Enquirer: 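Have a look at this one.
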2 protein chains.
Amino acid sequence: MSNDTVKIPQATAKRLPLYYRFLKNLHSSGKQRVSSAELSEAVKVDSATIRRDFSYFGALGKKGYGYNVNYLLTFFRKTLDQDELTKVALIGVGNLGTALLHYNFLKNNNTKIAVGFDVEEAKIGTSIGDVPIHHMDELEKIITEMGITVAILTVPAPFAQTITDRLVAANVKGILNFTPARLTVPATTRVHHIDLAVELQSLVYFLKHYGVDEEEE
Amino acid sequence: MSNDTVKIPQATAKRLPLYYRFLKNLHSSGKQRVSSAELSEAVKVDSATIRRDFSYFGALGKKGYGYNVNYLLTFFRKTLDQDELTKVALIGVGNLGTALLHYNFLKNNNTKIAVGFDVEEAKIGTSIGDVPIHHMDELEKIITEMGITVAILTVPAPFAQTITDRLVAANVKGILNFTPARLTVPATTRVHHIDLAVELQSLVYFLKHYGVDEEEE
DNA sequence: AATTTATTGTGAAGATAATAACAATGTTTT
DNA sequence: AAAACATTGTTATTATCTTCACAATAAATT
């Protein structure tokens, strides 16, 4: 738990991976410098917000010039721990789980699904998108051995809590939860929800009730 | 654009589908009444926040008693327009797109993916999870005919903006964007992002830099 | 080297959201 | 029907986040 950096606002922390990705794009397209205004156009975040976000890490830019792409990139690579690969387990190799196994998180992230788990015999022992699938019975054994502390949960909702309890017991500290279940976890574990049905429904709600002239993340 | 309801805070609007889902659960398990404290436990939202959220719609509960599950459910069904089916188009039938075609949004949502589009000849004319797949060339024609105004975007990032422009021109008002691209749209169109890589990476960031004693949505 | 220009970093203000706390009041119990 | 209890709805408070606006200053131009 490296607290070498100041504790920055959550809202800022959530934008960092986004900035990082666009900086990589800029870099590979040969750009040397960038202003907060340009970056704002690309990532759709107000330029003042970008400058404030960056400022939590100190003065990264130069007045009248902007930011040096290379410098920023190097800085964020360190800040986002892009130098060390984070291995992740995926629990539940159904439709969504399989899609995620094919998704190349590594490309932008230095994060990799290293192992998958399911109960369906036909899947056990196979590899999907280069990731080996094991039986749920081996969950604790394997993730402990592999030292995995982050899991993606794509199981049917009724099993979500039970499996979460097992993950927590096996020292998993972060769960990306794609199930509709709201998980109960100790304060030492962090859960991020991606609730597909809720996202779709709230989009529809906004359209119906808010109408035009709204911009939003 | 029914503005029959007061314009409630965005944060509240985003929680409504969640409340609705849990109320349905409670209802089908035969529960007659529920307090904000109970609901809080289930959806992991502070009980004061729940009461405030509900209060935007008037006095839905009774002091000393709580909320009548049936009443709440009926109320939210109307508020969330659950009586009319919203048809959605899905653009890009790759791994993720296919998974979403199998995802039963209807169950909780009264939202249905009614049509899919792709460029791959092998897929055109087939049905996936009961949804017919058409060629991208027919995009404008078909969604206009079907009167669709909401789309899910699961195409490769480089095509995202071009297709978005076509969707907007074809009168699509809401886009659920699964691509990493940040889309440029007119103010009359609403985009919600689900950025899988960013979600995973920010989870990892929080674990490394915030450590324990954090709870979050 | 002086002037103009661009752009940061940030203090102040504003906006939005979450939470605490409790009077009001309906429900349940005795 | 009185007393005890439970729980809302809301006012006040606090926290978080965004945006404005501009002095400071480095870069570019003349």
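In what follows, chains are A, B, ... by sequence order, proteins preceding strands, each numbered from 1. Because the structure is predicted, anything quoted here is derived from the model rather than measured.
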Enquirer: Establish, with yes or no, whether the OP1 or OP2 oxygen of D:dT13 is under 4.0 angstrom from a side-chain nitrogen or oxygen of B:Arg52.
Expert: no
Enquirer: Under 4.0 angstrom, heavy atoms only, what part of the nucleic acid is B:Phe54 near: base, sugar-phosphate, or nothing?
Expert: nothing
Enquirer: Rounded off to whole Å, could you give me the NZ-to-P distance for the A:Lys63 and D:dA26 pair?
Expert: 8 Å
Enquirer: Does the distance from a Lys or Arg side-chain N to an Asp or Glu carboxylate O, for B:Asp83 and B:Lys78, drop under 4.0 Å?
Expert: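 No, this pair does not count.
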Enquirer: Looking at A:Glu38 and A:Lys31, is any side-chain nitrogen of the basic one under 4.0 Å from a carboxylate oxygen of the acidic one?
Expert: yes
Enquirer: Between C1' on C:dG9 and CD1 on A:Ile50, what's the gap in Å once rounded to a whole number?
Expert: 14 Å
Enquirer: OP1, OP2 of C:dT7 versus side-chain N and O of A:Ser36: anything below 4.0 Å?
Expert: no
Enquirer: Any side-chain N or O of A:Lys62 less than 4.0 Å from the OP1 or OP2 oxygen of D:dA27?
Expert: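 The answer is yes; a side-chain N or O of A:Lys62 sits under 4.0 Å from OP1 or OP2.
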Enquirer: Taking the nucleotide of DNA chain D with the nearest heavy atom to each, does B:Gly64 or B:Tyr67 sit closer to the 5' end?
Expert: B:Gly64
Enquirer: Within the pair B:Arg51 and C:dA21, is there a side-chain N or O less than 4.0 Å away from OP1 or OP2?
Expert: no
Enquirer: Does C:dG9 have OP1 or OP2 under 4.0 Å away from a side-chain N or O of A:Tyr65?
Expert: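 Checking A:Tyr65 against C:dG9: no side-chain N or O falls below 4.0 Å of OP1 or OP2.
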Enquirer: Establish, for the pair A:Arg77 and A:Tyr20, whether the NZ or CZ atom is under 6.0 angstrom from the six-membered ring centre and no further than 45 degrees off its axis.
Expert: no
Enquirer: Is the closest basic N to carboxylate O distance between A:Glu84 and B:Lys208 below 4.0 Å?
Expert: yes
Enquirer: Given atom NZ of A:Lys14 and atom P of D:dT18, what is their separation to the nearest angstrom?
Expert: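 To the nearest whole Å, that distance equals 11 Å.
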Enquirer: Under 4.0 Å between a side-chain N/O of A:Tyr56 and OP1 or OP2 of D:dC17, yes or no?
Expert: no
Enquirer: Atom CD1 of A:Ile8 to atom C1' of D:dA15: distance rounded to whole Å?
Expert: 17 Å
Enquirer: Below the 4.0 Å mark, does C:dA18 have OP1 or OP2 next to a side-chain nitrogen or oxygen of B:Thr49?
Expert: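 False: B:Thr49 side-chain N/O out of range (4.0 Å or more) of C:dA18 OP1/OP2.
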